[in-house]
Undergrad: 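Dropping the structure in here first, questions after.
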Amino acid sequence: MKLNYKIIFHFLGLLLLFNGGFMLLSALVSYFYNDGVALQIFFAGIFTIIIGIVAMLLTTNHKKEMNKREGYIVVTFGWIIMSLSGTLPYVLTGSVPNFTNAFFETMSGYTTTGASILNDIEIIPKGVLFWRSTTHWIGGMGIIVLAIAILPLLGIGGMQLFAAEAPGPSGDKLHPRITDTAKRLWLIYFGYTAAETLLLKLAGMSFFDAINHSMATLSTGGFSTKNASVAYWNDQPIIQYIIILFMFLAGSNFVLSYFAFKGKVQKIIKDEEFKLYFKFVVVFTIIAALVIYFQADVSKSSINHSMVWGKSESVFRHALFQVLTVITTTGFISADYTLWTPFLVVFFFGLMFLGGSAGSTSGGVKVVRHLILIKNGFLEFKRTLHPNAIVPVRYNNKAINRFIVFNVLAFFILYMLSFIIGALVFSMFHIDFESAIGLSASSLGNIGPALGSFGPVNNYAALPPLAQWWSSFLMLIGRLELFTVLILFTPFFWRNR
């Protein structure tokens with residue numbers, strides 16, 4: 001079957017319309033704060049919208065059906081097109097030195113990685129900072145899921161796109177119609193963002209800081225409006241606890257949030273992934289807190305500036321904050337954990353491979369995959385003793401199809417292989433071992449802060465241009481869960497059949 005290129009370009013044009021619309025919103029913010037760049041952002045939005053309209057007009061007579069191959073192409077190239085057009089506000093305002101830096105910053109935004117090349121965030125115009133946070137917010141739930149909510153207007157079925165875009169191996173749907181699912185997910189996403197903005201404002205943040213940090217939290221992105229990230233508010237614990245709460249929610253399956261609002265609490269309590277996710281957060285926080293309290297030299301980190309409610313509370317808060325920010329791949333910083341103890345450096349590096357729940361906005365491997373891997377590993381002992389027995393892996397009291405188990409195993413192997421190759425390529429740019437493995441794990445897991453020269457209190461400005469492009473590629477394949485992008489590099493994908 002030949003590829004339907006018209007529907008691909010038609011959909012890419014639609015995505016550009018979305019992008020341009022959000023740029024115009026950022027131009028409005030720029031005009032409101034009178035930061036001097038409203039016109040440049042406005043022109044960026046208008047140009048993007050015009051290109052989108054032209055692409056759609058030239059492909060109006062497209063076929064209405066979209067197959068799976070076309071879905072993968074639209075998702076991957078949709079992300080790339082959005083990132084390319086998303087550089088315009090940076091380039092036209094001169095906020096970012098060059099195109100490579102602008103593309104890196106934009107890709108980091110859309111993939112909700114949160115890695116930045118900006119040395120002084122606080123001098124950047126507010127309209128540009130708002131656009132920067134907006135790229136997070138769009139990418140968080142998925143630009144594709146956003147778009148399929150209005151696909152009925154175009155007469156296009158969106159299930160193929162949702163299958164390619166939805167994070168994690170589970171396919172829970174809230175409603176039999178995929179467009180209604182997308183609308184419900186976005187309603188919850190928007191509601192959480194509004195709620196966090198209000199709470200942060202009441203806790204003492206300015207409205208601008210509150211809305212930017214809310215967008216970064218719910219998308220598990222981590223872009224901040226302050227050079228010190230959330231450590232800027234270390235003397236206001238309530239602000240950090242609000243962010244902790246919403247990081248936890250953003251790292252859990254949004255389907256469970258829907259069930260919670262419908263009063264179906266039992267579904268949440270019985271969900272195996274959520275229970276393991278909660279246990280991970282609790283256990284890892286206790287471990288980190290104990291090590292910090294008894295072994296870490298807190299005078300080297302920002303903890304000593306935040307003893308508002310006593311050392312014990314401060315240690316617990318920083319431990320919980322850093323565990324959650326790494327597990328959910330948000331990437332906010334409340335302290336430099338690389339200065340605590342060597343154990344905690346390795347500890348947090350290991351957490352980079354965990355990830356949040358499937359159906360969340362977080363990156364990484366995802367808790368459900370770890371759960372299936374662990375269960376399958378234990379069952380291998382039974383299969384060794386009883387080779388003729390049929391012992392399926394069970395999840396939420398249901399037997400999992402063995403092909404899903406194979407998919408999870410293949411994903412994990414491919415993920416680790418991508419991490420190793422990623423680190424090797426970074427080392428080719430004369431980046432030291434600790435920094436190279438940190439960069440690879442952070443880029444692939446969409447985390448943001450890495451290790452070594454690119455640790456929590458540093459940024460990616462020192463990364464060579466080619467290394468920035470490589471990091472951007474790792475961010476993309478990590479955000480789209482490897483297969484969606486890497487399948488495009490296989491010869492059989494492009495073979496007409």
Side-chain angles (χ1 to χ4, degrees), residues 14-15 17-29 32 45 78 82 86 109-112 114 129-153 158 161-162 165-167 172-175 177-203 205 207-223 225 242-263 268 328-330 332 356-357 359-362 479:
L14 175 65
L15 292 178
L17 288 184
F18 275 117
N19 223 20
F22 279 110
M23 287 181 200
L24 295 183
L25 180 60
S26 299
L28 193 63
V29 172
F32 178 80
M82 292 288 274
Y110 281 119
T111 58
T112 72
L129 286 180
F130 185 81
W131 168 245
R132 185 169 172 258
S133 298
T134 301
T135 59
H136 264 353
W137 200 72
I138 299 170
M141 184 56 69
I143 50 177
I144 308 303
V145 176
L146 169 68
I148 64 176
I150 66 162
L151 277 183
L153 299 175
L161 292 178
F162 192 79
E165 154 62 16
D172 287 337
K173 295 191 289 292
L174 317 182
H175 194 277
R177 291 182 59 195
I178 189 64
T179 51
D180 289 327
T181 295
K183 288 173 186 174
R184 282 162 171 76
L185 290 174
W186 266 101
L187 188 61
I188 294 168
Y189 191 56
F190 180 83
Y192 277 157
T193 306
E196 187 185 357
T197 301
L198 178 62
L199 289 173
L200 289 176
K201 180 70 176 73
L202 292 174
M205 266 194 187
F207 178 73
F208 182 78
D209 288 335
I211 194 168
N212 278 273
H213 283 84
S214 296
M215 288 195 286
T217 304
L218 268 301
S219 64
T220 65
F223 276 156
T225 55
I242 291 168
I243 293 174
I244 283 169
L245 170 64
F246 284 95
M247 276 198 295
F248 180 81
L249 291 173
S252 61
N253 192 332
F254 272 70
V255 174
L256 296 182
S257 291
Y258 176 79
F259 290 147
F261 291 128
K262 296 288 285 185
I268 302 170
T328 63
T329 72
T330 305
F332 279 142
S357 305
S360 71
T361 58
S362 62
R479 176 63 181 89

Undergrad: Decide yes or no for Met215 and Phe223: does some side-chain heavy atom of the first lie under 4.5 Å from some side-chain heavy atom of the second?
TA: no
Undergrad: Starting from the C-alpha separation in whole Å, work towards a yes-or-no answer on side chain to side chain contact (heavy atoms under 4.5 Å, CB included) for Phe18 and Ile138.
TA: CA-CA 9 Å; Phe18 275 117; Ile138 299 170; over 6 Å; no
Undergrad: Apply side chain to side chain donor-acceptor pair (under 3.5 Å) to Ser257 and Tyr192, showing your working.
TA: CA-CA 10 Å; Ser257 291; Tyr192 277 157; 2.8 Å; yes
Undergrad: How many angstroms lie between CG in Asn19 and CG in Leu24, if you round to the nearest 0.5 Å?
TA: 10.5 Å
Undergrad: Is Thr220 reaching over with its side chain to a backbone N or O of Thr361, donor-acceptor style, under 3.5 angstrom?
TA: yes
Undergrad: Heavy-atom distance under 4.5 Å between the side chains of Tyr110 and Arg479, does that happen here?
TA: no
Undergrad: Can you spot which of Trp137, Tyr258, Phe246 makes a ring-ring contact (aromatic ring centres under 6.0 Å, His included) with Tyr189?
TA: Trp137
Undergrad: Could you tell me whether the side chain of Ser214 and the main chain of Thr197 form a donor-acceptor pair under 3.5 Å?
TA: yes
Undergrad: When you check the side-chain N and O atoms of Asn212 and Ser133, is any donor under 3.5 Å from an acceptor?
TA: yes
Undergrad: Ignoring hydrogens and geometry, is there a side-chain-to-backbone donor-acceptor pair from Thr217 to Met247 under 3.5 Å?
TA: no
Undergrad: Decide yes or no on side chain to side chain contact (heavy atoms under 4.5 Å, CB included) for Val29 and Leu129, but give the supporting numbers first.
TA: CA-CA 10 Å; Val29 172; Leu129 286 180; over 6 Å; no
Undergrad: What closest approach, in Å, do Leu185 and Phe254 show between heavy atoms, and which atom pair accounts for it?
TA: CD2-CB, 3.9 Å
Undergrad: Leu218 versus Leu249: any side-chain heavy-atom pair under 4.5 Å?
TA: no
Undergrad: Compare every heavy atom of Gly140 with every heavy atom of Ser219, then report the nearest pair and how far apart it is.
TA: CB-CA, 3.8 Å
Undergrad: If every non-hydrogen atom of Ser360 is compared with every non-hydrogen atom of Ser252, which pair is closest and at what distance?
TA: CB-O, 3.2 Å
Undergrad: Could you grab the distance from atom CG of Leu198 to atom CZ of Phe207, nearest 0.5 Å is fine?
TA: 9.5 Å
Undergrad: Between atom CE of Met205 and atom CD1 of Ile211, what is the distance when rounded to the nearest 0.5 Å?
TA: 12.5 Å
Undergrad: Quick one: closest heavy-atom pair of Ala210 and Lys201, and the distance?
TA: CB-N, 4.0 Å
Undergrad: Would you name the heavy atoms of Thr225 and Asp209 that are closest together and state the gap between them?
TA: OG1-OD1, 2.7 Å
Undergrad: How far apart are the closest heavy atoms of Ala203 and Ile242, and which atoms are they?
TA: CB-CD1, 3.7 Å
